[in-house]
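One structure is given below, encoded as structure tokens.
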Amino acid sequence: PFVGNVIITMYSKFNLIEEAQKVFRLIKDKDIISWNTFIAACSHCADHEKGLRAFREMLNDCSLRPDDFTFASVLAACAGLASIYHGKQIHAHLIRTKLNQDIGVNNALVNMYAKCGSFGYACNIFKKMLHRNLVSWNTFVAGLGNHGLGEKALEIFDQMKATGLKPDSVTFIGLLVACNHAGLVDKGLYFFNSMEETYSIAPNIEHFSCLIDMLGRAGRLQEAEEYMSRYPFGRD
RNA sequence: UUUCUGGAGAUGU
């Protein structure tokens, strides 16, 4: 199955989920990684229903037990579908099987609840997590930002820095979204400018477009135009 | 070999 697993990942990077599925079907003696790889591939290609179907098939048709990687991917599928119904079932199962201690699984739970509109649950899980990594913080900052809790997102960012973790490109997208949704325009500008200066992270197309969007919504069109003229990605 | 986080816009009521 080894080679097949790699090929599935490769196809999914090109968004070719049908091709990935053909390969998956052809693998005989699928191992746990084959299933995990395929379910994750479905998520990456945004075919979340397919991912959930594969998960069901895994439970029914083979003797392999899902592991923490499996559940993280399945939860991503639930998040993609905004399906609190499936998500809660998985959560309950995780509690029963004690698989809810894994960082990746918890990150996926926080994200799932945030995306499914149960932000209170997301907060509780985040707070209870014993270990957090960069993805944990990024997920939570973005979740707050998406819910319009901009100031809170900035607080959490400060807490993150206090732990000694260095923000990355994804962190700043979360912060910019937070500033955008909460109307914290000057703070957004500050973050955009500081990411390169203090963290040597070059803004990419997402950062630029979020910033320009924010300036546009605030009616600060002259500044928006300035950033557009500095925009290094052509005329998207 | 596999997991979890990242922008905007577009339809309808």
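So you know, we letter chains A, B, ... as the sequences are listed, proteins then strands, and number each from 1.
- Checking U1(B), C4(B), G9(B) against every side-chain atom of I33(A), the shortest atom distance belongs to U1(B).
- Nucleotide U5(B) holds its P atom 24 Å from the NZ atom of K166(A), rounded to whole Å.
- Checking Y227(A), F208(A), Y231(A) one by one against P203(A), the side-chain contact (heavy atoms from CB on, under 4.5 Å) holds for a single residue, F208(A).
- Contact check, N107(A) against U5(B): no side-chain N or O comes under 4.0 Å of OP1 or OP2.
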Taking it one step at a time, do H91(A) and Y113(A) satisfy ring pair (Phe, Tyr, Trp, His ring centres under 6.0 Å)?
CA-CA 10 Å; H91(A) 189 186; Y113(A) 278 121; 5.4 Å; yes
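- Counting any heavy atom pair closer than 4.0 Å across all strands shown, K30(A) reaches no nucleic acid atom.
- If you take CG of L189(A) and C1' of G7(B), they are 16 Å apart, rounded to a whole angstrom.
- Listed nucleotides U5(B), U3(B), G7(B) differ in distance to A76(A); the shortest reach to its side chain belongs to U5(B).
- Atom pair N111(A):CG and U3(B):P shows a separation of 15 Å (rounding to whole Å applied).
- Put simply, CD on E206(A) is 14 Å from C1' on G9(B), counting in whole angstrom units.
- In this structure, CH2 of W35(A) is placed 14 Å from C1' of U2(B), rounded to the nearest angstrom.
- In this structure, the nucleotide among U5(B), C4(B), U1(B) sitting nearest to the side chain of H44(A) is C4(B).
- What separates CG of L109(A) from P of U5(B) is a distance of 12 Å, to the nearest Å.
- With rounding to whole Å, I212(A) atom CD1 is found 11 Å from G7(B) atom C1'.
- Counting only N and O atoms by type, the side chains of T70(A) and N36(A) include a donor and acceptor under 3.5 Å apart.
- Proximity note for T9(A) (side chain, C-beta onward) versus A8(B), U5(B), U1(B): the nearest is U1(B).
- The S73(A) side chain lies nearest to U3(B) when the options are U5(B), G9(B), U3(B).
- Atom CG in L211(A) sits roughly 12 Å away from atom C1' in A8(B) (whole-Å rounding).
- The line from CZ of F24(A) to NZ of K50(A) is 11.0 Å long, rounded to the nearest 0.5 Å.
- Taking the six-membered ring where the residue is Trp, the centroids of F126(A) and W137(A) are separated by under 6.0 Å.
- D67(A) comes within contact range of no nucleotide atom at all, as no heavy-atom separation falls under 4.0 Å.
- When the nucleotides U5(B), A8(B), U1(B) are ranked by their closest atom to the side chain of T139(A), U5(B) comes out on top.
- Nucleic acid contact for A108(A): sugar-phosphate only, since backbone atoms but no base atoms lie under 4.0 Å from a heavy atom of the residue.
- Distances shown here put a side-chain N or O of H181(A) below 4.0 Å from the OP1 or OP2 atom of A8(B).
- In this structure, R132(A) reaches neither bases nor backbone, as no heavy-atom distance under 4.0 Å exists between it and the strands shown.
- If you check U3(B), U1(B), A8(B) against the side chain of V6(A), the one that comes closest is U1(B).
- Checked for salt-bridge contact, D61(A) and K30(A) miss the test: no charged N lies under 4.0 Å from a carboxylate O.
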